[in-house]
**Q** 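Before we start, here is the structure in question, set down as structure tokens.
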Amino acid sequence: MASYYDIDDILVEEQRVPVVFQQAVNGVDIDPSAETHCVEPGSKVELPYWLAHELHLRKVAKMKVPACFNQRTKLELGADGASVDLRSRCLYFYEFGCKIAPLVGDRDMGSFLLSAFRTRYQKIVAKAHNAAFTAHSKLLSYLTKEETNLYEAAQSSMAAFKKWRIGGPRFERASVLGRKRKEAN
């Protein structure tokens, strides 16, 4: 469960979601150019996830699959998932997908997210261990927030391994081993 003050969770919930209103709603100013403050049933609007979620729970509106999870994205990730620019589609692709999957009625969303992460995970970790600085910025330009965190963790672990291998302490004696036991009477 995300924290109330977690900026990443706030940004995830600001992602736009297409909704179709099931009921008429009065006193709403969704479109500032509209003459009336009323939304008719069947109206299609893009709303932030946090608002669309509440309307969906109250059965006022029905959520649709966002564009970042459309069929074209699925085909691209199926063909060569490691080279698809997910950042431009949704910075929080996986987290947003997990939040929206149970609400949009797409039964394949969970397996789609898992297979997308699997195909990209291997390449991200391999590049983090072997990438030069010039490839670093190009690679980060198409990674999602979750993947960027994974990339940075892999790079820091590789740097720690190299430091250890070059001359860091080989073994550290546990503090427990230095103590002597008291003799039993």
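In this chain, residues are counted from 1 in sequence order. Note that these values count all heavy atoms, side chains included, but never hydrogens, waters or copies made by symmetry.
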**Q** For K99 and V12, run side chain to side chain contact (heavy atoms under 4.5 Å, CB included): C-alpha distance rounded to whole Å, both residues' side-chain angles, the deciding distance at 0.1 Å, then the answer.
**A** CA-CA 9 Å; K99 283 186 179 237; V12 167; 3.8 Å; yes

**Q** Are S111 and D108 close enough that a side-chain donor and a side-chain acceptor fall under 3.5 Å?
**A**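 No, D108 and S111 have no side-chain donor paired with an acceptor closer than 3.5 Å.
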
**Q** Are R87 and L140 close enough that some pair of their side-chain heavy atoms sits under 4.5 Å apart?
**A**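 Result no, sub-4.5 Å side-chain heavy-atom pair not found.
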
**Q** As a quick check of understanding, evaluate side chain to side chain contact (heavy atoms under 4.5 Å, CB included) for V19 and L55, giving each step before the final call.
**A** CA-CA 9 Å; V19 297; L55 293 174; 5.5 Å; no

**Q** Measuring from atom OG of S43 to atom CD of Q22, what distance do you get when rounded to the nearest 0.5 angstrom?
**A** 11.0 Å

**Q** Which heavy atom in H56 sits nearest to a heavy atom in K62, and how many Å separate them?
**A**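 Scanning both residues completely, I find the closest heavy atoms to be ND1-CA, 3.9 Å.
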
**Q** How long is the gap from NE2 on H53 to CG on L47, to the nearest 0.5 Å?
**A** 13.5 Å

**Q** For the residue pair T144 and E95, establish whether any side-chain heavy-atom pair is separated by less than 4.5 Å.
**A**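 Of all side-chain heavy-atom pairs linking E95 with T144, none is under 4.5 Å.
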
**Q** Nearest 0.5 angstrom please: Q15 CD to C68 SG, how far?
**A**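 That separation rounds to 7.0 Å.
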
**Q** Evaluate the side chain to side chain contact (heavy atoms under 4.5 Å, CB included) criterion for residues V25 and F21: first the C-alpha distance (whole Å), next the side-chain angles of each, then the deciding distance (0.1 Å), finally the verdict.
**A** CA-CA 8 Å; V25 180; F21 279 87; 3.9 Å; yes

**Q** Is there a continuous path of hydrophobic side-chain contacts, each under 4.5 Å between heavy atoms, that joins L57 to I100?
**A**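 No, separate clusters.
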
**Q** Do F93 and L77 have side chains that get closer than 4.5 Å, going by heavy atoms?
**A**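 Yes, close enough: below the 4.5 Å cut-off.
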
**Q** With a 4.5 Å cut-off on side-chain heavy atoms, are L143 and Y151 touching?
**A**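 Y151 reaches L143 side chain to side chain.
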
**Q** Going by an N to O cut-off under 4.0 Å, is there a salt bridge joining R120 and E146?
**A** no

**Q** Is the F69 ring parallel, tilted or perpendicular to the F112 ring (thresholds 30°, 60°)?
**A**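 Perpendicular, since the angle between the ring planes exceeds 60°.
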
**Q** Side-chain contact test, heavy atoms from C-beta onward, threshold under 4.5 Å: evaluate it for E46 versus V17 and give yes or no.
**A**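 In short, these two side chains do not touch, never coming nearer than 4.5 Å.
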
**Q** Can you confirm whether the side chains of E147 and Y121 place a donor and an acceptor under 3.5 Å from each other?
**A**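 No - no donor-acceptor pair under 3.5 Å links their side chains.
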
**Q** Using a 4.5 Å cut-off on heavy atoms from C-beta on, say whether the side chain of R16 contacts that of P48.
**A** yes

**Q** What distance separates D80 CG from K123 NZ, expressed to the nearest 0.5 Å?
**A** 6.0 Å

**Q** Can you find a pair of side-chain heavy atoms, one from E14 and one from W50, that are under 4.5 Å apart?
**A**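 They are in contact (side-chain heavy atoms under 4.5 Å apart), so the answer is yes.
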
**Q** Please give me the minimum heavy-atom distance between A154 and S157, naming the atom from each residue.
**A**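 Closest heavy-atom pair between A154 and S157: O-OG, 2.9 Å.
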
**Q** Under 4.0 Å between a side-chain nitrogen and a carboxylate oxygen: does that hold for D106 and K74?
**A**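 Looking at D106 and K74, the cut-off is met.
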
**Q** Going only through I, L, V, M, F, W and Y residues with side-chain contacts under 4.5 Å, is there a path from I7 to Y49?
**A** yes

**Q** I want to check a possible cation-pi pair here: K145 against Y92, using under 6.0 Å from ring centre and within 45° of the ring axis as the test.
**A**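 Checked: cation-pi criterion not met.
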
**Q** For residues C90 and P66, determine if any side-chain heavy atom of one lies less than 4.5 Å from a side-chain heavy atom of the other.
**A** no

**Q** Do you reckon L11 sits in the same ILVMFWY cluster as L150, going by side-chain contacts under 4.5 Å, direct or chained?
**A**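 Yes: a chain of side-chain contacts under 4.5 Å links L11 to L150.
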
**Q** Quick check: closest heavy atoms across P41 and Q23, and the distance to 0.1 Å?
**A**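 So the two residues come closest at CG-C, 4.0 Å.
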
**Q** State the CZ-CG distance between R89 and D85, to the nearest 0.5 angstrom.
**A**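 Going from the CZ atom of R89 to the CG atom of D85 covers 7.0 Å.
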
